[in-house]
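Structure first, commentary second.
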Amino acid sequence: GTTLLYPRKAIGKVKGMPVNQAIPFSYPDTSSPCYAIRMGNAVPGGVGPGGDIVAFSSMCTHMGCPVTYDGGTRTFKCGCHYSIFDPENSGQMVCGQATEDLPKIQLEYNSKIDSITAVGVDGLIYGRQFNIL
Ligand code: FES
C-alpha cells in the first residue's frame, strides 16, 4: 500500500508562548483547525522545556463542531452537544455525546531554535477516512 507522510509544520517558539491559552493553527492541512496549548505544568505527551505543550484537533469528534478552550476548567468544550475533552489527559473525552477522544497532534521540540513543530496526528480527524487527504 501507499504510505502518505505527514507534513512538518512549524507552530512557533516556546519563549513568549502564553500559558493556559489556546493558540489556533491548522494541521495537516488548512481544512483541519487545531489548538496548541502550553498548560504550565507537565502533562502526558507534553513537549517543550516544561513538558507542558500539547495540541489537538479543534473539531469535535461527535459531529465536527468547533470546540473552544475554557481556561477556567482547563478543558475543551463543544457548544453543540456539550462534550468536554481534557487536554491534560491526551484529549480524553470527559463527558458528552462524543465517543472518541480529540485527535492529538504529535509535536516535536527543537531546543536549539526553541521551536515547536507539528509532525503527525494520533486519532482520526472528524469527517475523514484518512488524516492525509
Ligand atoms: Fe460536539 Fe456534538 S458536535 S458534542
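Numbering of ligands and ligand atoms starts at 1, following listing order. For the single chain, residues carry numbers from 1 onward in sequence order. Note that these values count all heavy atoms, side chains included, but never hydrogens, waters or copies made by symmetry.
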Under 4.0 Å from a heavy atom of [X]: give me the atoms of ligand 1 that qualify, with their elements.
X: Cys65; answer: 3 (S)
X: Ser83; answer: 4 (S)
X: Cys78; answer: 1 (Fe), 3 (S), 4 (S)

Shortest-distance N/O/S atom, His81 versus atom 2 (Fe) of ligand 1: ND1
Closest approach to atom 2 (Fe) of ligand 1 by His62, given as the N, O or S atom name: ND1
Electrostatic pair Arg38:Asp52 at N-O distance under 4.0 angstrom: yes
Presence of salt bridge, Asp29 and Arg128, under 4.0 angstrom: yes
Test: Cys65-Cys80 SG spacing under 2.5 Å: yes
Residue Cys60, metal atom 1 (Fe) of ligand 1, N/O/S under 2.8 Å: yes
Identity and distance of the protein heavy atom lying nearest atom 3 (S) of ligand 1: Met63 N, 3.3 Å
Any donor-acceptor N or O pair under 3.5 Å, side chains Ser57, Lys104: no
Pairwise side-chain contact, Thr75 with Lys77, heavy-atom cut-off 4.5 Å (strictly under): yes
4.5 Å side-chain heavy-atom contact, Val14 and Ile116: yes
